[in-house]
Structure formats: C-alpha cells, structure tokens
Amino acid sequence: MLSPYVEHLGASYFMVDMVLGVYGLMQILFRLPIGIGSDYLNRRRPFIYLGLIASGTSCFLFMWGAQPGWALAARAVSGIAASAWVVYTVMFAGYFPKEEAGKAMGMLQFTTVIAQLTSMMISGYMVEHWGWNTPFLMGGIVAIAALLLALRLPEQKQEKRKSAIQLKDLAGVMKEPLLVRVSLLSVLAHCVLFITMFGYTPNQALNIGASKESLGWLTLAFMIPHAVATLYGSRTFGRLLGDRGTLLIGFTGSALFTLLIPSMPTLAMLCLTQVGNGFMQGLIFPLLLGKSVSEVDPYKRATAMGFYQAVYAVGMSAGPFVAGWMSALYGLIGGFWLGGIAAGLAAVLSWIWMKDAKQ
C-alpha cells in the first residue's frame, strides 16, 4: 500500500519513484558501514537496537507528516532499518555451527517471508477499514515491542583475538573470492525478483484482464512456495545435489518461469509461473546468504555480510530500472526477457564458479 499512499498524498509519479527508490539507495550506503562498525566494535546488540528504532521512527514519520516530503524522509529511515539486517543475519548464524550456515539462513529467510506475506495481506484490509495511518501505527507498535524484547538479548560472545582488529583487515574481507562471486550472483537473483514479483508481474496480470482485487492471489502463489523452499527446499536439494547443483536448478528454473510470464493468457496460468518462480528463488536466496559468510572468520562476518547485502541492493535498484527501459522499447515482454537472461547468466556462472566440498 506504499505507492498508493504516496499518490494519495498528492505526489507526482516522479516523487513516487523517489520514495520507492530511496529505500534501496540507503541500503547501498549504510549496509557496509554497519557491518564494518559491528566487527570493529565487536558488538552486535547496539546495531539491532538501531534497526528497530529506525523501523519504528519510519512508521511514525509516515503518520505525522501528511506530505510527500515526509514520506520520502520516512522511507529513507526505513532503508537504514533494513540495513541493520546485516547484523541480524550474522548474529543468528552465530548460534549455529559453521557448517549449518545455510540451514540458519533458511530458517531466518522463512520467518522473513512469512512476515512479508502476512503484512502484505492485512495492510490493505487495515487501510480499507481504519484509514491510511493504521498500518504505520501497527508497524510502530510492533517495532517498540521488538525493541523491548531485544533489550533482553544477550550480547553474542565473539572469538578472543590477540590484538584489536584493524580496519585494513576488514577491508581485505571484500577481496574474498567466494564472497565476491556469491554477491554477484545475488545481484542477478535480485534483478529477477524485482523485475518479476516485486516489479512487473502485477502489471502483466492487469494487462490480461485481472482485477486489482485478485492480485492478492498472485502474491500468495509466489510467497507460499517461496517460504516452503527457504525452509526445506535448499537443505533437501543441497543434500541431494550439492550447492552448485541447487543453484543451477534454481536459476535455470527461475529463467524458464520468468520467460513464460508474458505468454500466459489467464491469471490462473500466470499464478502457476509464480508458484514455480517462488519455489526456485526460495532455493537460491538462503544458499547464497549462507555462503557469503561460510569461509569468513566469525569476527569479520558482519563486514562480509555488509558487503554482500550492499552489493545485492544494487540489483534491487538496477534491475527494475533497466527493465523499465527495456519495457519502454519492447513492451513488458522486454523486461521479462531481461529477467530470464539474468537468471540464465546466473545459472552459467553458478556452474563455473561454485565448487562443492567433495569436488
């Protein structure tokens, strides 16, 4: 309901694009510094607090300022909140043995997807019955409750080091070959995600005659298989096929289902492509998230995760931008072809770059 809300405030389409785009921009700017800061200070909790405070502040800024400028500021603050996800992922992974990083990320991704799905399904109902400010009020209340819970979160003990870590040591993390490779693969994966489900697939549904009210089915068709795959799929496929085989299947399947989108004549058939795409992308994201820190020392992991997440934020912004240019030239089919090509390229690179332990 964000873009309709900003339009409701009287914003131009350019201003709506600015409000939507500043979210990714803030993540590009803040994720790496937050990761470096967490590792340098050897602390996790303060950055968890920062994320929750920023999240609640963003919600209340949306409520208090009924002008597009306030919405832009609120969305920028929410980008800072999302940047703290760097520390959430590293801290959660730290509760598991190193070899179970993929399992940990699958569990975390599952909870994220369920929260996203729930929020997306109920926010429209809230607006319809209680007004535009209700989702922001609920978001602020949830942020406060989460902050109170986080106050009881024990600081995670890190490995003792002989000397204090230097910034130059953290800078070297960004040269780790596996980290660079999975970051680039994640750029391509996020290009596909933000071109399809979080981009132009709803537009395609409207083009073939679907009503705005029926777009919720499109969301469910994508999110439920996506959630199942993040929790169970990547682990099951990983045991059977290894990391490289899982990524190859995930990206190849995503390419196929993305290319099929513009040829689907009905909403039901379009939903089937979303079932497939949701599942395939659910195989990819937890695996890449886990591998981004799998070969990095624990006291450098927040830096590695910050680099990984800052890089893939580029895909969140660049994918829709280039797809919009392609769609302007060739229609919506151009954007989906771009998404299919990106997924196909990622499949090829996965086969070349990824080596399983037994290999």
Side-chain angles (χ1 to χ4, degrees), residues 1-38 45-89 112 115-116 118-120 122-128 130-148 150-151 190 193-194 198-199 202 302 305-306 309-321 324:
M1 44 72 69
L2 180 60
S3 55
Y5 173 70
V6 180
E7 284 189 56
H8 163 75
L9 296 179
S12 65
Y13 285 124
F14 176 74
M15 188 63 176
V16 173
D17 287 341
M18 285 184 63
V19 172
L20 297 178
V22 74
Y23 180 70
L25 175 63
M26 298 300 284
Q27 291 177 58
I28 294 171
L29 295 176
F30 279 88
R31 275 178 159 168
L32 183 56
I34 284 176
I36 292 174
S38 178
R45 254 192 342 186
F47 297 93
I48 301 291
Y49 301 157
L50 169 66
L52 292 169
I53 291 170
S55 187
T57 301
S58 171
C59 291
F60 293 128
L61 283 175
F62 271 116
M63 287 182 61
W64 289 330
Q67 294 87 29
W70 280 92
L72 181 66
R75 187 63 168 165
V77 174
S78 75
I80 298 174
S83 300
W85 182 244
V86 169
V87 181
Y88 283 71
T89 49
T112 306
Q116 288 173 338
T118 304
S119 303
M120 291 167 72
I122 67 174
S123 59
Y125 180 87
M126 288 181 179
V127 170
E128 185 70 25
W130 300 298
W132 285 107
N133 280 341
T134 311
F136 303 126
L137 175 62
M138 290 300 299
I141 292 171
V142 169
I144 292 170
L147 181 61
L148 293 175
L151 293 174
H190 280 83
L193 178 62
F194 279 79
F198 294 159
M305 187 63 75
Q309 294 188 12
V311 170
Y312 81 55
V314 175
M316 293 165 58
S317 301
F321 175 78

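Computed over heavy atoms, backbone and side chain alike; hydrogens, waters and symmetry mates excluded.
- In this structure, the side chains of L61 and F136 stay at 4.5 Å or more apart for every pair of heavy atoms.
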Output side-chain donor-acceptor pairs under 3.5 Å for residues 76-89, partner residues at least two apart or in another chain, one line each.
{"unit_1": "S78", "atom_1": "OG", "unit_2": "R75", "atom_2": "O", "d": "2.6"}
{"unit_1": "S83", "atom_1": "OG", "unit_2": "G79", "atom_2": "O", "d": "2.8"}
{"unit_1": "T89", "atom_1": "OG1", "unit_2": "W85", "atom_2": "O", "d": "3.1"}
{"unit_1": "T89", "atom_1": "OG1", "unit_2": "V86", "atom_2": "O", "d": "2.8"}

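- Every residue was checked against the side-chain hydrogen bond (donor to acceptor under 3.5 Å, both in side chains) condition with Y125, not counting sequence neighbours, and none meets it.
- Residue-environment remark: CH2 (W70) stays at or below the threshold of 12 foreign heavy atoms within 6.0 Å.
- Note that CZ of R45 and CD1 of I48 are 10.5 Å apart. Values are rounded to the nearest 0.5 Å.
- Between atom CE of residue M138 and atom OG of residue S123 there is a gap of 11.5 Å, rounded to the nearest 0.5 Å.
- Each of V127, T134, N133 was scored for a side chain to side chain contact (heavy atoms under 4.5 Å, CB included) with W130, with one residue passing: T134.
- Residue V19 comes nearest to P68 through the heavy atom pair CG2-O, 4.5 Å, listed as atom of the first residue, atom of the second, then distance.
- Here CZ of F30 is found 9.5 Å from CG of L25. Values are rounded to the nearest 0.5 Å.
- Of all heavy-atom pairs between P135 and G131, the closest is CD-O, 3.9 Å.
- Between A313 and R31, the shortest heavy-atom distance links the atoms CB-NH1, 4.2 Å.
- The closest side-chain heavy-atom distance from L151 to L148 is below 4.5 Å.
- The OG atom of S58 sits 13.5 Å away from atom CD1 of I53, with the distance rounded to the nearest 0.5 Å.
- When all heavy atoms of G37 and F47 are compared, the closest pair comes out as C-CZ, 3.7 Å.
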